[in-house]
Amino acid sequence: YGISFPKQAMLDEYLRMIEEAQKRDHRKLGRELELFSFHQEGAGFPFWHPKGMVLYNIVTDYSRKEHIQSGYHEVKTPIILNEELWRKSGHWDKYRENMYFTTIDETPHAVKPMNCPGHLLVYKNSGHSYREFPIKFFEFGLVHRHEKSSALHGLFRVRQFTQDDAHIFCTPDQIEDQIAEVIAFITRMYATFGFKEYKMELSTRPEKYIGSLEIWEKAEGALKNVLEKHNYDYQLNPGDGAFYGPKIDFHIKDVLKRSWQCGTIQLDFSMPERLDLEYTAEDGQKKRPVMIHRALFGSIERFIGILLENYGGALPVWLSPIQLKILPVSDRFLEYSKLVAQKAKNAGLRVELDDRSEKIGYKIRDAEMKKVPFMVVVGEKEQQAGTVSVRQHGKGDTGSRDLEQFIAELAQLNRPGSDI
């Protein structure tokens with residue numbers, strides 16, 4: 001293979017982008033920022049460190065809040081379920097090569113690669129009326145999928161990950177409105193994290209599928225109608241749908257103009273049929289609900305990897321595991337530094353006090369390497385005046401500030417999307 005460039009400037013830009021991408025490699029940043037690691041004892045299974053868990057929880061806590069405000073109900077389903085369920089759902093026949101198995105009480109079980117069968121059982125546990133629809137379940141579901149060792153790649157391709165998964169049960173005439181709502185939800189969430197450019201793909205029936213051709217045509221037509229009714233630009237991706245239904249995939253672009261597949265919306269008429277789901281319609285008859293599978297980030301792990309590469313590790317204040325680092329010039333100013341740290345913590349900020357017996361220049365360089373958004377240097381002048389000397393990552397010294405005012409301004413940047 002070879003690549004040719006009509007102009008030297010285009011080649012230079014291409015080489016610059018490759019170099020920049022290498023600097024932003026999330027695996028490298030994960031080590032340097034002490035966020036996560038990988039070990040031979042669990043190939044393809046990420047180990048989250050304390051600072052990494054802070055970032056992980058920021059993403060999931062914000063997502064949970066937005067889901068609840070949007071009318072979703074959180075559930076949690078088992079990681080291991082028996083063979084019979086996976087046969088009913090179609091995974092045993094169509095997805096078995098990607099699954100892990102175990103035996104419990106002499107009965108074959110599988111570790112879940114998807115959350116949908118569990119949500120179907122939650123739905124089926126009680127009767128439902130059309131008046132309840134749409135019913136929206138969401139789960140931060142831990143799933144396992146068998147990936148070849150050669151395909152593993154940091155957080156982008158792992159064997160264990162968490163889906164921000166949800167399933168919407170609705171009537172056929174609610175399909176288009178619900179899908180439009182999900183598209184708006186996804187767009188809003190991406191913008192909050194700084195991703196405002198994305199494209200959509202409509203993926204149709206694959207070679208391995210469940211359900212009749214009539215059902216597939218109906219489902220594909222419904223997704224297409226939504227996209228065209230709302231004038232969304234999209235590309236057709238023939239044969240790449242899920243085995244149970246067609247889907248709309250979202251591809252976001254980062255600052256290097258690279259495309260990442262994240263969110264997905266999948267329309268499913270088959271699984272409610274296979275697991276015999278029902279609701280009482282307005283005329284009193286029992287009917288099948290329609291099931292919409294959807295994820296906004298796709299995988300929490302993968303989305304965090306994308307975030308790290310997009311920002312080069314220098315995350316916005318609201319996403320940074322450590323938002324403010326307190327750097328006393330010497331032990332003489334340790335008490336005032338503790339006061340500064342406590343005031344910042346009281347304002348809801350994530351603070352770290354560097355009380356090591358190191359020179360101030362070393363402490364500043366270390367905080368810069370760790371990409372902490374803000375630092376304050378505390379010395380005799382600051383202690384006497386009740387101020388702090390502020391430094392910002394990548395910009396250096398920004399001058400002396402009143403302590404209370406600085407903390408209040410920094411707290412304003414601690415709101416989702418505020419400094420993007």
Side-chain angles (χ1 to χ4, degrees), residues 24-27 29-30 35-38 42-49 52-64 66-67 72 74-77 79 91 95 98-100 111-119 137-149 151-167 182 185-187 189-190 192-195 198 200-201 203 240-243 247-254 258-266 292-311 315 319:
R24 292 167 178 260
D25 190 318
H26 74 282
R27 296 168 296 180
L29 292 169
L35 301 175
F36 56 84
S37 59
F38 289 89
F45 298 90
F47 289 72
W48 289 95
H49 296 211
M53 278 307 301
V54 173
L55 174 56
Y56 187 99
N57 287 333
I58 292 168
V59 173
T60 53
D61 288 348
Y62 174 68
S63 178
R64 175 177 284 111
E66 290 297 311
H67 274 84
Y72 289 80
E74 186 170 9
V75 300
K76 190 169 185 64
T77 58
I79 293 177
H91 290 83
Y95 204 77
N98 299 107
M99 298 168 66
Y100 294 110
V111 181
K112 68 176 179 181
M114 299 178 189
N115 302 292
C116 31
H119 290 199
F137 295 148
F138 86 96
E139 175 178 8
F140 294 114
L142 184 65
V143 299
H144 293 72
R145 296 181 184 177
H146 178 62
E147 299 283 356
K148 293 181 179 178
S149 57
L152 299 175
H153 181 77
L155 296 178
F156 291 161
R157 186 60 69 92
V158 290
R159 288 171 171 159
Q160 171 192 285
F161 60 94
T162 302
Q163 290 180 308
D164 61 326
D165 211 357
H167 296 91
V182 173
F185 192 2
I186 290 174
T187 300
M189 292 288 280
Y190 288 169
T192 302
F193 287 90
F195 300 107
Y198 62 91
M200 288 186 273
E201 285 185 352
S203 300
D240 200 41
F243 72 85
K247 60 179 181 172
I248 299 171
D249 286 331
F250 290 76
H251 298 257
I252 59 177
K253 284 192 177 181
D254 65 12
R258 297 175 299 179
S259 180
W260 304 95
Q261 195 272 315
C262 288
T264 186
I265 305 171
Q266 302 165 357
I292 299 172
H293 308 243
R294 51 110 293 209
L296 308 186
F297 303 139
S299 156
I300 302 296
E301 288 78 0
R302 190 167 185 270
F303 189 72
I304 288 175
I306 294 167
L307 280 173
L308 290 171
E309 297 209 358
N310 183 65
Y311 290 106
L315 295 166
L319 287 170

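Positions are given from 1, in the same order as the sequence printed here. Here the structure is a predicted model, which means the values were calculated and not measured.
- Summarising the geometry, atom NZ belonging to Lys148 is positioned 10.0 Å from atom CG belonging to Asn98; distances are rounded to the nearest 0.5 Å.
- At least one side-chain heavy atom of Leu142 sits under 4.5 Å from a side-chain heavy atom of Ile79.
- At least one side-chain heavy atom of Glu301 sits less than 4.5 Å from a side-chain heavy atom of Thr162.
- In this pair, Phe303 and Phe195 present their aromatic rings perpendicular. The plane angle is above 60°, beyond the 30 to 60° band.
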Problem - Worked verdict on Met114 versus His293 for side chain to side chain contact (heavy atoms under 4.5 Å, CB included) - result: CA-CA 10 Å; Met114 299 178 189; His293 308 243; over 6 Å; no
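- Here Asp240 pairs with nothing under the salt bridge (charged side-chain N to carboxylate O under 4.0 Å, His left out) rule; sequence neighbours left out.
- Rounding to the nearest 0.5 Å places OG1 of Thr60 at 7.0 Å from CE of Met53.
- His26 contributes atom NE2, which lies 9.0 Å from atom CG of Leu29 (distance to the nearest 0.5 angstrom).
- Going from atom CZ of Arg302 over to atom CZ of Arg157 covers 8.0 Å, rounded to the nearest 0.5 Å.
- Between the side chain of Asp164 and the backbone N or O of Gly298, at least one donor-acceptor pair lies under 3.5 Å.
- Every residue was checked against the salt bridge (charged side-chain N to carboxylate O under 4.0 Å, His left out) condition with Arg145, not counting sequence neighbours, and none meets it.
- Residues Thr77 and Lys112 form a side-chain contact, since some pair of their non-hydrogen atoms from C-beta on lies under 4.5 Å apart.
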Stepwise side chain to side chain contact (heavy atoms under 4.5 Å, CB included) check, Phe297 with Val59
CA-CA 10 Å; Phe297 303 139; Val59 173; 3.7 Å; yes
Could you walk me through whether Ile186 and Ile265 pass the side chain to side chain contact (heavy atoms under 4.5 Å, CB included) check? CA-CA 10 Å; Ile186 290 174; Ile265 305 171; 4.1 Å; yes
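- For the atom pair Phe156 CZ and Gln261 CD, the distance stands at 12.5 Å (nearest 0.5 Å).
- For Glu201, the salt bridge (charged side-chain N to carboxylate O under 4.0 Å, His left out) criterion is met by no residue, not counting sequence neighbours.
- Across all non-hydrogen atoms, the minimal contact from Pro117 to His91 is CG-CE1, 3.8 Å.
- Here Ser203 pairs with Asn237 under the side-chain hydrogen bond (donor to acceptor under 3.5 Å, both in side chains) rule; sequence neighbours left out.
- Under the 4.5 Å side-chain criterion, counting only non-hydrogen atoms from C-beta, Glu309 is in contact with Asp25.
- Every residue was checked against the salt bridge (charged side-chain N to carboxylate O under 4.0 Å, His left out) condition with Arg159, not counting sequence neighbours, and none meets it.
- For the residue pair Pro113 and Met99, the shortest heavy atom distance occurs at CG-CG, 3.7 Å.
- Here the side chains of Phe137 and Asn115 are not in contact, with every heavy-atom distance at 4.5 Å or above.
- Between the CG atom of Leu155 and the CD1 atom of Ile304 there is a distance of 7.5 Å, given to the nearest 0.5 Å.
- Classified by interplanar angle (parallel below 30°, tilted 30° to 60°, perpendicular above 60°), the ring pair Tyr100/His146 is perpendicular.
- Listed here is the closest heavy atom pair of Cys116 and His167: CB-NE2, 3.2 Å.
- Between Val158 and Pro46 there is a side-chain heavy-atom pair separated by less than 4.5 Å.
- Scanning both residues, Ala43 and Leu152, for their nearest heavy atoms gives C-CD1, 4.1 Å.
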- request: List the steps, then state whether side chain to side chain contact (heavy atoms under 4.5 Å, CB included) holds for Phe47 with Ser37.
  value: CA-CA 5 Å; Phe47 289 72; Ser37 59; 3.8 Å; yes
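- With sequence neighbours excluded, the residues that form a side-chain contact (heavy atoms from CB on, under 4.5 Å) with His67 are Ser63, Tyr72, Phe138, Phe185, Arg294, Leu296.
- Taking the side chain as every heavy atom from C-beta outward, Leu308 and Leu35 approach each other to under 4.5 Å.
- Shown here is Arg64, whose CZ atom has more than 12 heavy atoms of other residues, nucleotides or ligands within 6.0 Å.
- You'll find the side chain of Asn310 stays beyond 4.5 Å of the side chain of Ile252, heavy atoms only.
- Among Phe38, Phe161, Tyr56, the single residue meeting the ring pair (Phe, Tyr, Trp, His ring centres under 6.0 Å) criterion with Trp48 is Tyr56.
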